[in-house]
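Below is one structure, written out as structure tokens, with a few remarks after it.
Chain naming here is simple, since letters A, B, ... match the order of the sequence lines and numbering starts at 1 in each. Just the heavy atoms: all of them, side chains too, but no hydrogens, waters or symmetry mates, feed the values below.
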Amino acid sequence: MMLRVASVEPLSPLVTKFRFVHPDGAALPLFSGGAHVVVEMPDGEMIRRNAYSLVSDPMDGSGYEIAVRREDLGRGGSLYMHTRVAEGDLLGVGAPANLFGLDLRARKHVLVAGGIGITPFIAQIRQLTRLQLPFELHYCARSRSEAAGLALLPDLPQVHVHISDEGNRMDPAEVLSGQPLGTHAYTCGPEGLVAAMADAGARLGWPEAALHSETFLAPPPGKPFRVTLARSALTLTVGPDQSLLEALEAAGVDAPWLCRGGVCGQCETAVLSCHGRIEHHDHWLDDDEKAAQTKIMPCVSRFQGQDLILDR
Amino acid sequence: MTLRFNDETFRGDYTYHNSAAAVRRFPFPFDQDSYMYSVNIEPHRPTRAGSVFEHRFDVDEHYVAEMQDRAITLADDPLRCQSLPHMELAGWDFLELVMVCKSEDYPDMFTLHRDGDRWHWINRPLGIDQRFTFMDTSTLPCGPLEYIGRQTQGDHALLDQREGNLWMDAGIVTSQADWSLDFNIGMNFFEWHAPVPKAHELGIFQRALKFLTNVQQGKPSRRLNWTMTVNPRLDTSPENYHKWGPEKRTITPENVGAKQYLRVELQSFYRLPRSNALVFPIRCYLISLEDLVTVPKWGRRFHRVLRDLPDELAEYKGFAVNRSMIVDYLARFDDGAETSAGIFPD
Amino acid sequence: MAGTAFTPSILSRPVYAGLVSRGATPAIMLAEGEGALALMALADHDPAVMGHAHIIHIPAGTGHGAALQALGPAMYHEGPTLPAVLPRLRKALGDAHMGTALYIAGTEGVIGQVTAEALAAGVAAGAISTEHHGGAARRMQCVHCKGITEDVVTDPFICSHCGLSLFVRDHFSRRLGAFQGVCVDAETPGQIPAMQEIRP
Ligand code: FES
């Protein structure tokens with residue numbers, strides 16, 4: 001659907017909030033806490049598609065809100081949002097999908113966010129509050145000025161803020177210990193934080209199924225590479241700031257996708273021949289599959305070497 | 001559209017019947033002259049005016065009688081409708097989906113007024129006029145799943161999605177083909193399909209699960225499944241198997257055309273918005289062999305399908321004991337002529 | 001492999017992989033009959049598991065009590081039957097925190113019921129370790145009357161509640177901790193096949 005940008009609001013020097021509404025004022029589909037939408041950005045010849053967590057109220061269809069952090073070293077999607085999108089613009093926005101949902105059976109939900117990783121939890125807190133379910137949230141940021149999440153978080157006793165500059169770093173073991181049976185913990189943030197929580201959980205004997213993390217990725221930039229598509233009888237060059245999936249789309253090749261972040265498995269593509277090394281960046285294939293180099297996830301993964309032939 | 005509802009029963013004297021129009025729109029499940037178990041999923045879009053695929057929740061001449069039959073079954077055994085506590089939100093999502101679809105697709109029968117959380121629902125065929133507060137169960141006579149399930153043809157399972165799997169955590173199930181909600185509730189996709197022969201080895205459920213966990217909001221899917229039932233009975237539950245089982249052995253060459261029914265399930269899958277759960281409506285259609293053969297293409301094709309079906313599938317679908325009588329009967333309607341592609345009558 | 005070796009079956013049939021130590025975390029351990037041997041092997045392999053362990057033991061005619069106590073668990077309790085120890089088990093589960101490991105060793109019926117209790121209390125399936133010891137008897141739910149018949153050793157068998165003759169379906173419900181029993185002569189009342197002994 002094409003939605004109108006209703007407001008652009010800076011939350012911190014690096015993070016800006018965008019609100020989208022239907023041009024006719026129609027209600028948008030509701031969603032569950034942790035859901036994301038894919039925003040389409042027409043950029044010259046190509047259409048960039050980036051996934052962003054929704055930060056607005058899941059039960060409010062009057063508009064969608066996202067918070068975007070400017071990544072100066074990224075492929076340009078977030079820069080585009082920050083520099084080229086203004087109030088009144090029309091942008092394509094996909095239907096919400098959720099790959100980081102709450103386990104609603106949980107007796108208690110422990111949410112741990114680092115930096116911009118706060119975004120999926122904003123909508124989840126609203127959902128948990130509406131359902132009257134017990135939770136606690138820990139938000140970690142380096143400094144108060146960078147802590148854009150402060151502007152999004154409600155003032156509730158369950159919300160704990162840890163600013164490392166101010167000397168109150170979060171201790172993962174302290175957060176996880178003593179939680180009642182049936183608690184689920186969710187982490188979203190830098191890889192170091194996700195790993196620290198997984199570590200502490202393992203040491204405290206938490207079962208893996210109770211430790212969730214949002215391992216959502218932005219497609220990393222890289223060196224350009226060539227790829228041959230057997231079924232379409234095409235050879236393409238994937239540019240440095242382009243993902244393989246984007247290159248397929250630009251060439252008009254039909255390729256499925258859902259998350260565009262290496263999580264959902266939807267874009268999985270068979271590799272027919274590979275002389276070189278696939279740079280697997282996804283969280284979908286297991287280690288053996290990655291080593292075999294017979295499958296690739298075009299939304300995030302790249303290639304270096306002589307030739308790569310795909311079943312597309 | 002004006003629909004006349006049949007006065008009919010699905011038990012006892014079995015007065016269930018299909019009008020000529022209902023026979024023509026029956027969802028015959030075979031698009032070729034042979035059958036193999038497959039996933040065969042397609043988008044659930046409005047297809048072919050007048051067919052059972054025209055609307056998202058088909059309402060037909062059996063609606064009122066089916067809802068009466070469900071009420072009898074639920075009074076006998078309330079465990080046919082259950083919801084684990086975390087599924088209430090999905091129940092509300094499902095109630096909204098049905099009310100919105102039916103009031104849009106059948107405005108002469110169903111009306112929904114919404115003013116914020118204050119909703120007003122009118123179901124004319126069943127004579128229901130209900131004002132309630134959305135997401136407040138105390139304003140409905142029962143939970144949301146049971147409330148709307150008592151007004152919607154077909155069984156409905158609510159599937160929670162987590163750990164990359166789907167979990168059968170709620171449902172209203174009174175016309176099932178031999179599975180027990182009370183036993184299966186809480187199971188994951190592989191567990192509740194465990195008794196299906198062969199398909200696991202073929203990797204069918206792996207592929208189906210991958211597809212289903214990716215079903216997106218606003219993009220429902222559907223598939224057809226089938227089995228055979230003696231007498232037009234909706235409640236062929238394992239719970240009551242010892243009560244209806246003897247009827248299976250009452251088929252004779254003389255009565256097979258009238259008593260033996262093809263039972264087709266129109267299964268659909270919708271992603272629900274607030275809960276991220278899936279709802280899995282399983283709508284059952286019944287047609288007697290003698291009605292089915294009034295469409296010559298179906299008579300020919302059904303004969304060929306059943307004649308060539310592997311024994312273990314006939315066994316699994318529970319009609320092996322009557323198979324030869326069924327095939328002999330159908331053979332009389334198969335002149336060997338070619339059949340056209342697709343499921344619809346010529 | 002530790003414990004009883006079963007023939008491969010359908011996917012809803014539980015697999016008892018043998019007790020595997022989850023380290024020196026708080027633990028609830030329930031052993032019935034020869035299942036006590038599994039706890040001894042576990043402690044032998046990793047003595048640290050006993051430091052915070054609460055052992056609930058149902059001897060069921062075996063004499064392993066003293067040996068279990070000698071493993072030095074933090075708490076030890078002996079009870080005559082599962083129903084007798086259930087209140088204690090429920091209290092232990094209610095007091096437990098995330099990270100508590102659960103070890104269950106014994107017959108299929110006991111494993112099934114204790115697992116169902118634990119899941120209902122919020123324990124994740126991944127925190128439960130099981131090992132089968134004892135006969136191949138099964139715990140069966142009658143799909144018709146919903147009554148549970150314990151220690152079923154023949155197929156078909158007679159439902160101890162409604163009296164129907166039921167055949168043993170491999171289909172297993174973790175929520176109920178039981179297999180499914182379905183009327184064997186539903187279509188041909190009175191024609192009941194000869195009983196056979198259930199094998200693992
Ligand atoms: S689109 Fe989800 S893994 Fe590639």
Side-chain angles (χ1 to χ4, degrees), chain A residues 1 27-38 54 57-62 64 93-109 120 123-124 126-128 130-133 182 184 186 207-212 256-259 263-268 283-284 286, chain B residues 43 83-97 100 112 114-117 133-137 144 158-170 185-186 188 206-221 270-279:
Chain A
M1 41 190 172
L28 303 177
L30 301 183
F31 56 95
S32 48
H36 70 268
V37 289
V38 168
L54 289 165
D57 184 345
M59 309 266 184
D60 176 6
S62 69
Y64 287 159
V93 177
N98 198 340
L99 297 164
F100 189 50
L102 295 166
D103 188 328
L104 291 175
R105 296 168 311 157
R107 301 290 161 91
K108 182 178 174 186
H109 302 265
Q124 287 184 342
R126 293 180 189 257
Q127 186 181 357
L128 291 167
R130 169 85 200 232
L131 297 175
Q132 302 183 335
L133 295 173
H184 280 248
Y186 310 80
E208 269 177 43
L211 289 166
H212 310 260
W257 54 268
L258 177 56
C259 68
V263 181
C264 72
Q266 189 75 310
C267 67
E268 186 179 295
H283 291 279
W284 174 257
D286 63 33
Chain B
S83 177
L84 298 181
H86 63 281
M87 296 305 281
E88 186 161 305
L89 183 62
W92 285 108
D93 273 335
F94 175 55
L95 173 141
E96 174 189 58
L97 177 72
V100 168
L112 176 64
R114 287 185 281 183
D115 172 14
D117 285 345
T133 305
F134 189 72
M135 291 203 31
D136 180 351
T137 303
L158 294 177
L159 314 179
D160 194 22
Q161 183 161 331
R162 52 179 203 267
E163 297 170 30
N165 212 323
L166 293 168
W167 304 77
M168 167 101 50
D169 285 349
I185 193 168
N188 69 33
Q206 284 287 353
R207 285 201 298 276
L209 177 65
K210 187 173 169 191
F211 178 87
L212 291 173
T213 50
N214 276 327
V215 166
Q216 290 176 61
Q217 243 193 94
K219 292 193 184 144
S221 300
Y270 295 79
R271 174 73 56 200
L272 297 173
R274 299 166 187 81
S275 57
N276 200 38
L278 274 189
V279 63

How long is the span from the [atom1] atom in [X] to the [atom2] atom in [Y], to the nearest 0.5 Å?
| X | Y | atom1 | atom2 | result |
| --- | --- | --- | --- | --- |
| A:Leu258 | B:Thr213 | CG | OG1 | 9.0 Å |
| B:Arg271 | A:Ser32 | CZ | OG | 8.5 Å |
| A:Leu99 | B:Asn276 | CG | CG | 8.0 Å |

* Indicate the atoms forming the closest heavy-atom contact of B:Gln217 with A:Pro96, along with that distance. =>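 Shortest heavy-atom contact: NE2-O, 4.0 Å.
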Which answer fits [X], side chain, backbone, both or neither, if we ask what part of it has an atom under 4.5 Å from a heavy atom of chain B?
| X | answer |
| --- | --- |
| A:Pro29 | both |
| A:Asp103 | side chain |
| A:Leu131 | side chain |

* Can you list the residues that meet the side-chain contact (heavy atoms from CB on, under 4.5 Å) rule with B:Lys210, with sequence neighbours excluded? ->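 Residues passing side-chain contact (heavy atoms from CB on, under 4.5 Å) with B:Lys210: A:Glu268, A:Trp284.
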Extract all donor-acceptor atom pairs below 3.5 Å that involve side chains of residues 85-94 of chain B and protein atoms in other chains or at least two apart in sequence.
residue, atom, partner, partner atom, Å
B:His86, NE2, B:Asp160, OD2, 3.4
B:His86, NE2, B:Asp169, OD2, 2.8
B:Glu88, OE2, B:Thr137, OG1, 2.7
B:Asp93, OD1, B:Arg274, N, 3.3
B:Asp93, OD1, B:Arg274, NH1, 2.7
B:Asp93, OD2, B:Arg274, N, 3.1
B:Asp93, OD2, B:Ser275, N, 2.8
B:Asp93, OD2, B:Ser275, OG, 2.7

